[in-house]
Amino acid sequence: MCRSADEIEEYQRVSTHVGKGLASIQKELHRMRVATKTQVENIEIKRETDKAPDFLVALRPHTVWETTPVKLFCTVDGHPRPIVKWLGCLVNTDHSKYYRALLVYLRCTNILACVVLVFSSVPHLTVIHHSKLEITMLDRFGVSFGTEGGSISLVCTMVVVPDLPNVPPLAQWYRDDKLLKAGKLAEIKVGGGAATMTLSHLAKDDEGLYTLRMWTKDGTTEHSAYLFVKDAAPSVAGAPGAPISVKAFDINSDYVLVAWKPPNTTNEAAITGYFVDKRESGSATWSQCNDAPVRICKYPVHGLSVGHAYHFRVRAVNSAGISRPSRESDKVTALDPAERERLQVIKLDGKHEVVIKDDDLEGYVTLPGEPTDVHASEIFKSYIVLSWKPPSPRGRAPLWYIIEKSVSGTGAWQRINTAVKLQSPRYPIFDLEAGKKYQFRVYSENLYGASEASKPTEPIEKVDEHGVPSAPGQVVATRNTKSSVFVQWDPPKHPNHLMGYYIDASLVGSKAWAPCNHKPYKHTRFVVHGLTPGETYVFRVQAVNVYGLSDESQESTPIAVEPALSEGVLMHTTPSAPHGITMLSCDGASMIIAWKSPKHCGGSKINAYFVDKRDADTLAWKEVNSAPTKTRTYTVDGLTEGTFYEFKVQAGNLAGVGMPSAPSTPLKCEAWTTTVPGPAYDLALREVRGDSLVILWKAPVYTGASAVTGYIVEMAKKGHHYHPLNEEAIGHCYLQVTGLEAGAEYTFKVKAVNAEGIGKASQTSEPVVAKALPGTQEIQCGVDEDTGDIFLSFEACEISETSNFAWSKNYKEISDCPRVAIETKGKHSKLTFVNPDVSDLGAFSVVVTDTNGVSASHTVTEDELIFSLFLCPVVPLKHQLNYEVLEKGHVRFWLQCLKMSPAVTYRFIVNDKEVTSSDVGSHKISHDVNTRVIQMTVDHFSKASEATYTVQIHDGRAKNQSSLVLVRDVFKAVLKEAEFQRSEHIRKQGPHFAEYLSYHVDDDCTVLLVCKVANVKKETVFHWFKDEEEIVLETPPNVMSGSVALPISLFSRKDQGHYKAKLSDDRGKDTSVLSVGVVVSLPLLFLSGSSASELVLQCTPEGIRLQCYMKYYTEEIRTAWLHKDSKISSSEKMRIAGTAEMAWMQIREPSEKEKGHYSIQIMDATKSHTRTFDLSGQDRGRVVGGLPDVVTIMEQKTLSLTCTVWGDPSPEVTWFKNENEVVSTEHAKITLEANKFASLTITTVTSEDSGKYSINVRNKYGGEFVEITVSVYKQGESPPEPKMGGRGATPAPLASKAPAQTSIPQTPTPSLKSPTPSLRSSTPTAKSPTPPRHVKSPSPARSLKSPTPPRK
């Protein structure tokens, strides 16, 4: 039937409207269905909310025969689902024993519960089944940092559904995979939407990886982060940190072996030993176990009390002091571990138990047998531990042991434990001589007597069997985050019972190292946190064992702290859609689904997947996981049993989230109860060739009733049925399929097998054609001609801009493996083995992502590895490439080999360019076979020399190379040193200063400016300058002596200034400058104060004078005079002044007012010196009056010197002439009348009687002396002019002298005996307080070298 154009148009319009109407009706029906379903569910939830538990059908009583099983029934209801606990307790009247029913927990709602109670005489524990909880972690604890002695809390918030107050979630905390329990050091809380662990008193033992594991209805969910605990401030500056992990082992009745781990030492001095302390449990008193520090991290403690509990701690010692104590060990009880083994339990009729000791089976034996198996269980330089097995029989009394030793070969035995009653079969011996071998034997003894001696040990010598480990190998640092770096290293070649590693970090250009971890880390890779973003660091590693720390490894190459991907993010694209969604398991309320990764990852690692779901009969998709998951499996909860669901998945990377996958086929939510395994999943086909391929898969999630034991792989050619490829199940998850027909299409399935049978088949693989991609190449194994390294190389036949090369070993991805190094450039990727050995044998494969299946593999066999190693011997190096700055500013680059043949060849490469000795004469390259040194000397080291220096060595078939990077700060330091050495060489070509100007202060306070000169001749001229004005000396300096000095006597402020010494001749000149100022005055001030004498009283015509003699005095020296602690100012009454050798204070016409205590304070740069004098007046011996100052007398006359003296007690009087005591004679008669009137009478004077006379009047409170000048002239001569002296004389100032020791006159010393004892006091006379002027000050000479000329 033909329709017109108008009819057709009308038909299309009506059809369009009808279509739109049907679509609207369908959407409305769907909306109403969803709304109705939601309303019904809400009504049901509201009806069931907060419904208390109730028994719909209660238990009824039963009467049964004894030992007959019984079934009890009940029906319960409630919301949330109640927990039913069965309890029972019956009494058996025959045996009067309680019998308990098995306690059972059931969760049941509107179901019939059935329990079989089996009565038994053995009590049963309650079996607790945690309710299924859905837990979502929210805020998680991150990497944390603490300090010893502080506290820290690790908190993780969460959402728990349902949140039942009586059923909290089960949370377990782990440190380094070891389960932690709540105690005094760790408080664990769960509840209130958070799980918290609080460590109240941190120690370095608490450092490690902390994991919170929460048990949910789907298994477990967990989170981990690292906690770092640094050392607290040391008790003594420079002392080491506290030891770690103190534990007690080999516990016996009076002996334990204490072991610990050494602390890290970065900037502290090396540890010289350890002290071990112990305390009894319940006591706070610690006692030290060892008198001398033990050098290893083990120590045997003996002498414990049987049955007592002990704690132990350890302190480290170095040259600076002792560390803080470690955390104390767990409590250990000193008990014999073999005591329980000597008990036997015999059961009678299955009801009674009889316990007997082995001693009861020995018969009536009183004497013990001899010990056996005597040997040294611990051998160190500090001690050995002797061990043996207890005797059998033991005798019928408490047992102890006696030990004897003998120097091997002598046959003389000596008892060791004479004062110790030893009860354990262990004993430490400390006092053995080094270098001697000893034998030991042991006796058993009890109150009945001693046994025969045991068999002697083999000769034992006290020596360490092993030392510290060798240094770790190459350290490689890679970027991680903006504040962390991933560090990995090669293990040491000689681990020697390795405990772990310490990692240190240092800023580039700084010599200070900081520890990255504070407890030995067991693995060879570590993430260093807490770094400063943008800074550049280097890292080093030390290995740790019981002997201490190894040498440091070589430093890593510098690395800047930046995120792993900081550039080029815009070049990446989002990944393609995942595919192959399949169900792995279902329990009726949840499903575990899996999917295959996108074919194109977008150029960066896929780090997120998002899952959506919907009912199969709905249109709307619902988000399943708001937080991304990194795995390609996911558990979808909250499903309804019997309902069909569809799923889709999106993948995300650094560039964002890609397109969603196609919806999966409808998957029914139905509980799996089969006993055979579920399907394997994630089938992948690799290395497709014309006749072979490799298929890989993952193990099933649902294992059935028993563990999976293997897999059956089935293959089907297109148009054919599936058939198995392997008759017996294989245990690994990959299979190489061979014998394919080129060009044919195949599909594959995998079935898991367990003890119950063969499980469900996996999802069918994608069809694959047995044909290699055009241009496909295989992996090649070779040896690098330059480095000698063994490598696997692969060139991809195709590649995209976002492709990556993923290497695997035995089809497990290689990630962060220190044994290999992977380098990719363009289409080429190379895997290089680092120190290859037999552990590197296996199948290595590579897959190129974002391609059409480019992949290959290669199996490294033992024969191939041996052959490759034979091809590439390595030249062993004793010292890597290093540098040395020589005298003329030349820089020498050198390395040393362990062995070298005359046929060795080598080349130096600077910034990828080879240099030779002929290069403009600036490089001199040579080697010495005897010393095995290869070197290159750069004559002119300049700014253009900043580079990377490499030397490549070929010696026969052996090869090696070493590099040295001289850039930035390191290069600047080398260049500065080279330029300085170059200028120094030029300077030393002419006359020059071997030692620049310095000053020295002699004991006589003369300042000497000294210098040493070199390369001088007679024509060399030396000049002194002060403030640019030349100093002309009477005697020119003698430069030929090699040393020149300028003395400055009585140094004062006018002598301060800039001094310069200039040396010159026709070959050149040199200058040295020294600033002489206040710093030079400091030693003079020190000498002045320290050399000050006690105050001396001197009588003068005006009154009295207090004098203080010193080696050096000027008015610039700060002094203060005090009277009765009040400062005295200079005045007419009390005049203060001084000379070059003394400071004095003159008291004019003294009166009662001036009596009292006087002192002088002399201040130098560091402290004050005080000298005192007690001018009490009424007690001190003194001259009241009567003596003249000067006497002139004619020869043959009689001279009478008479004065009145006073003092209480009566003073002693001594006369002196020219500082020599005068003895009473007929010519010179001394008298003292009434202890008051003293006289010296000289009859018939002559010229020999001329001189300076003095009288010394003194008692126990002090005294004074008066001087009189006597001049005798001959008859007929005129009397001489009187000169000032005695009481009226003021000491004249001394003239300036050359720097030499200044002589100070000796104060007259009073005699202890008087020539007229009847007139003298019986009180002994003390010597004058005036010190001898020739005594040197104890102050050391001070000197300081001039910093000139400065280095530039």
Side-chain angles (χ1 to χ4, degrees), residues 248-258 278 280-283 287 289 300-310 331-346 353-378 383-407 411-432 438-458 460:
F249 302 92
D250 198 11
I251 303 166
N252 279 267
S253 55
D254 59 0
Y255 163 92
V256 297
L257 181 63
V258 180
K278 73 174 187 292
E280 287 200 30
S281 182
S283 170
S287 60
C289 301
V301 179
H302 65 98
L304 305 180
S305 299
V306 180
H308 289 221
Y310 294 89
K331 180 174 66 175
V332 295
T333 305
L335 293 173
D336 185 359
E339 187 68 31
R340 181 174 296 178
E341 299 176 2
R342 294 196 293 270
L343 300 178
Q344 295 187 22
V345 179
I346 301 175
E353 294 179 350
V354 177
V355 179
I356 62 174
K357 294 184 177 180
D358 286 352
D359 299 350
D360 299 329
L361 303 177
E362 295 174 352
Y364 191 75
V365 178
T366 57
L367 290 177
E370 67 273 7
T372 58
D373 191 22
V374 183
H375 65 284
S377 58
E378 301 278 342
Y383 63 87
I384 69 167
V385 175
L386 207 61
S387 303
W388 60 89
K389 292 182 180 179
S392 179
R394 296 173 55 89
R396 292 186 170 272
L399 188 69
W400 61 88
Y401 300 97
I402 299 171
I403 305 174
E404 292 183 347
K405 71 177 180 180
S406 173
V407 177
W413 291 93
Q414 178 185 358
R415 182 170 176 178
I416 296 178
N417 56 327
T418 55
V420 178
K421 200 168 186 178
L422 188 60
Q423 298 177 343
S424 296
R426 305 284 189 278
Y427 188 70
I429 303 172
F430 296 90
D431 57 348
L432 300 181
Y438 292 85
Q439 290 181 288
F440 301 90
R441 64 186 185 187
V442 183
Y443 295 84
S444 304
E445 188 174 355
N446 61 15
L447 60 87
Y448 297 106
S451 70
E452 295 292 331
S454 68
K455 183 180 178 181
T457 64
E458 296 295 327
I460 300 171

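- Between Arg426 and Leu257, every side-chain heavy-atom pair lies at or beyond the 4.5 Å cut-off.
- Residues Glu370 and Glu452 share a closest heavy-atom pair of CB-O, 3.1 Å.
- The shortest side-chain heavy-atom distance between Trp388 and Ser454 does not fall under the 4.5 Å cut-off.
- Pairing each heavy atom of Glu404 with each of Arg415, the nearest pair is CG-CA, 4.0 Å.
- Just one residue in the list Leu304, Val301, Val256 forms a side chain to side chain contact (heavy atoms under 4.5 Å, CB included) with Tyr310, and that residue is Leu304.
- Put simply, CD on Glu378 and CG on Asp250 are 8.0 Å apart, with the number rounded to the nearest 0.5 Å.
- Between His375 and Thr457, the shortest heavy-atom contact is N-CG2, 4.1 Å.
- Remark: the backbone N or O of Asp254 is paired with a side-chain donor or acceptor of Ser424 at under 3.5 angstrom.
- Closest heavy-atom contact between Pro391 and Ser444: CG-OG, 3.3 Å.
- Considering only heavy atoms from C-beta on, Tyr427 stays 4.5 Å or farther from Val385 through its side chain.
- Asn446 approaches Pro398 most closely through the heavy-atom pair CB-O, 3.1 Å.
- A distance of 8.0 Å separates CD1 of Ile429 from CD1 of Ile460, quoted to the nearest 0.5 Å.
- Residues Pro425 and Asn252 share a closest heavy-atom pair of CD-OD1, 3.5 Å.
- For Glu445, there are no salt bridge (Lys or Arg N to Asp or Glu O under 4.0 Å) partners at least two apart in sequence or on another chain.
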### Chi angles and distances behind the side-chain contact (heavy atoms from CB on, under 4.5 Å) call for Tyr438, Ile384
CA-CA 11 Å; Tyr438 292 85; Ile384 69 167; over 6 Å; no
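- Side-chain contact check for Val306 versus Gln423: some heavy-atom pair is nearer than 4.5 Å.
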### Task
Walk me through it: do Ile251 and Thr333 pass the test side-chain contact (heavy atoms from CB on, under 4.5 Å)?
CA-CA 8 Å; Ile251 303 166; Thr333 305; over 6 Å; no
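- The shortest distance between side-chain heavy atoms of Tyr401 and Pro390 falls below 4.5 Å.
- Rounded to the nearest 0.5 angstrom, Trp413 CH2 and Phe440 CZ are separated by 8.5 Å.
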